[in-house]
Amino acid sequence: MQKVKKTLINLIFPVGVVAVVFLIWQIAAELINVTLILPTPAQALNQFLVYIKSEDFYINLGYTFLRSLYGFLLSFTIAALLTLLSVFSFARKIISSIMAVIRAIPTMSIILILVIIFSPDSAPVAVALIVICPTLYSQFCAAIDSIDKKLLEMSKIYKVGIKNKIFKLYLPNMAEGVLEGCANGISLNIKLVIAAEALALPVKSIGKMMWYTKTLLEVEKLFALTIAAVILSVLAESVVRLLKFFILRWKYDKN
Amino acid sequence: MIKIEKIEVSYQNNKIYDNFSLDLEDNKITCILGPSGCGKTTLLNVLAGIVPYKGNIINFPQTVSYIFQEERLLENLTVMQNLLYTAGKDKILQAEEILKKTEILDKKNDYPLRLSGGERQRVAIARAFLSDADVLLMDEPFSSLDTALKIKLTNVFTNLLKEGKKRTVVFVTHDVEEAMMLAHRIIVLEKGKIKDEIVPEGEIPRTYGKNTSAKKELLKVILN
């Protein structure tokens with residue numbers, strides 16, 4: 001009964017928050033009363049329903065998703081490799097300093113610079129890589145640092161082999177930090193890719209669709225595409241969180 | 001006999017042991033008794049090889065097993081998996097045998113989060129006894145348990161010790177009753193130096209709380 005209650009509360013809150021957001025949006029739209037500036041939720045949702053019946057929409061969404069996935073996987077791989085290197089303290093100091101500099105660069109500067117350097121298709125991926133990689137790296141390093149030193153000591157005293165230490169101590173105990181970083185990172189990644197697409201204008205992309213609607217002042221379409229981007233982002237994050245729940249089910253196995 | 005000869009141990013510019021020597025009798029339980037901060041755990045960690053020192057430790061084996069004050073179980077592994085993590089995956093039968101003796105076989109597929117404090121400490125004891133190490137180190141392993149559980153686990157421990165292979169045990173505590181229950185020999189430590197040595201009479205485990213001449217002598221030493 002308690003579990004059912006908890007699940008309901010966990011569902012009701014986000015739904016409630018979304019409902020409040022829509023209500024505020026509706027009130028604001030009615031007060032402004034100019035569709036070109038702020039369409040109503042109903043207008044945006046109607047346009048969204050038109051989109052989801054369109055094959056072209058799914059093709060554009062698919063390309064955006066693939067760019068996001070590719071960029072994220074590249075970021076993950078590079079961040080993981082850099083984290084491995086960071087086992088050596090001198091390497092960690094150098095890598096951390098580089099990452100700190102990259103993090104300090106304004107995101108829009110990164111997007112504008114990379115859009116000039118790379119092709120329209122590659123620029124969004126490059127943007128995701130440059131922005132997400134430092135975030136994931138920090139998260140991965142924190143995950144390694146969070147491993148209980150007493151467990152490492154115990155493993156050393158009992159002379160546990162390196163393979164066992166990696167697969168039974170390091171990876172499971174890092175999983176929470178790593179997956180949490182991924183959940184946050186993948187959502188941010190999608191937003192960055194779309195932002196870069198809106199400037200780089202690759203042929204098939206949600207970003208380019210947004211740019212067109214903005215140019216033609218089709219604001220309800222822009223809002224509809226924003227809803228689509230939010231749904232994509234939430235779905236991607238949810239998948240990672242579900243994966244986290246399955247991998248870490250030993251943590252929830254208290255009863 | 002294991003000989004600790006003139007060791008020097010420092011930590012953050014503080015000298016914890018200076019020219020410290022101690023002999024540890026084979027196959028006996030030596031208890032190091034002293035107040036918090038007197039260096040008991042440091043001595044154990046020197047023997048475990050995780051704290052650097054100067055000096056010599058002679059006849060000390062390559063491997064030890066260790067029962068920690070906090071159990072140090074891997075929460076992501078079941079009870080059985082925790083045992084096999086340190087002992088190796090070819091020791092399943094021996095692990096089951098040990099879990100049976102520590103009366104926790106029915107929990108072998110449970111995760112540590114589902115276990116009580118006493119059950120977790122049983123797993124830690126089982127892990128230590130599953131190891132083939134000739135030396136067993138114990139750092140106040142029963143300190144967080146209530147008296148009844150303490151006595152029960154002490155009995156479990158001594159049964160395992162008597163039934164299994166011979167081991168030299170070095171056991172650290174600040175609890176006089178624990179020392180009196182388990183030790184063949186009690187070394188009273190103060191500020192990194194041996195204050196006195198007491199040899200209680202009788203077979204272990206001795207009765208908890210029993211007033212003996214050895215206990216009175218020990219209390220006199222501690223209170224001076």
Side-chain angles (χ1 to χ4, degrees), chain A residues 1-3 6-7 80 83 87 89 139-183 240-255, chain B residues 41-42 44-52 60-91 107 109-116 120 123-124 126-133 135-139 141 170:
Chain A
M1 191 61 200
Q2 281 281 50
K3 268 190 180 173
K6 200 176 175 186
T7 312
T83 307
V87 162
S89 58
Q139 199 82 23
F140 293 177
C141 283
I144 284 191
D145 292 343
S146 71
I147 292 173
D148 191 345
K149 302 280 181 283
K150 291 181 179 179
L151 292 178
L152 293 172
E153 228 172 49
M154 179 274 291
S155 302
K156 187 178 176 185
I157 290 169
Y158 276 98
K159 295 192 171 21
V160 176
I162 188 79
K163 191 176 155 193
N164 260 346
K165 270 199 274 201
I166 289 172
F167 288 103
K168 293 181 183 171
L169 176 59
Y170 279 100
L171 292 181
N173 284 280
M174 284 173 65
E176 184 163 23
V178 166
L179 289 168
E180 188 61 31
C182 288
V240 178
R241 291 201 187 281
L242 205 61
L243 187 66
K244 181 185 163 187
F245 177 77
F246 276 114
I247 291 173
L248 297 174
R249 59 187 179 282
W250 53 267
K251 271 202 167 185
Y252 312 116
D253 186 22
K254 284 181 189 173
N255 298 310
Chain B
T41 302
T42 304
L44 229 50
N45 289 341
V46 163
L47 293 173
I50 55 175
V51 164
F60 199 80
Q62 291 274 346
T63 53
V64 299
S65 52
Y66 202 136
I67 303 174
F68 303 90
Q69 192 174 10
E70 60 300 307
E71 312 87 19
R72 301 197 190 183
L73 302 176
L74 272 67
E75 304 292 345
N76 54 294
L77 299 178
T78 61
V79 166
M80 177 58 86
Q81 288 168 341
N82 261 285
L83 262 58
L84 299 180
Y85 172 74
T86 51
K89 54 186 179 182
D90 52 344
K91 286 213 171 174
K107 305 271 183 183
N109 294 321
D110 286 355
Y111 289 102
L113 278 172
R114 293 182 72 169
L115 306 180
S116 66
R120 290 168 69 100
V123 177
R127 177 176 61 191
F129 277 93
L130 190 57
S131 160
D132 287 330
V135 172
L136 169 59
L137 307 173
M138 306 204 296
D139 184 6
V170 185

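Residue numbering restarts at 1 for every chain, and letters A, B, ... go by the order of the sequence lines.
At distances below 3.5 Å, not a single donor-acceptor pair connects side-chain atoms of K150(A) with backbone N or O atoms of E70(B). Although no hydrogens or angles enter the test, the distance criterion places a donor-acceptor pair under 3.5 Å between the side chain of Y158(A) and the main chain of Y66(B). A distance-only check finds no donor-acceptor pair linking the side chain of N76(B) to the backbone of N173(A) [under 3.5 Å].
For a residue to count as touching a neighbouring chain, one of its non-hydrogen atoms must lie under 4.5 Å from one of that chain's; by this rule A128(B) touches chain A with backbone and side chain alike. Heavy-atom distances place the side chain of S131(B), and not its backbone, under 4.5 Å from chain A. For a residue to count as touching a neighbouring chain, one of its non-hydrogen atoms must lie under 4.5 Å from one of that chain's; by this rule L73(B) touches chain A with the backbone only.
Residues K159(A) and T63(B) share a closest heavy-atom pair of CD-CG2, 3.8 Å. The two atoms that bring I50(B) and K156(A) nearest to each other are CG2-CD, 4.1 Å, heavy atoms only.
Taking NZ of K168(A) as the reference point, atom OG1 of T86(B) lies at 10.0 Å (rounded to 0.5 Å). For the atom pair CD1 (I157(A)) and CZ (F68(B)), the distance works out to 4.0 Å, reported to the nearest 0.5 Å.
Heavy-atom contacts from other residues, nucleotides or ligands closer than 6.0 Å to OH of Y170(A) number 12 or fewer. Heavy-atom contacts from other residues, nucleotides or ligands closer than 6.0 Å to NZ of K149(A) number more than 12.
With a 4.5 Å cut-off on side-chain heavy atoms, R72(B) and E153(A) count as touching.
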From CA spacing to verdict: side chain to side chain contact (heavy atoms under 4.5 Å, CB included), K89(B), N164(A):
CA-CA 10 Å; K89(B) 54 186 179 182; N164(A) 260 346; over 6 Å; no

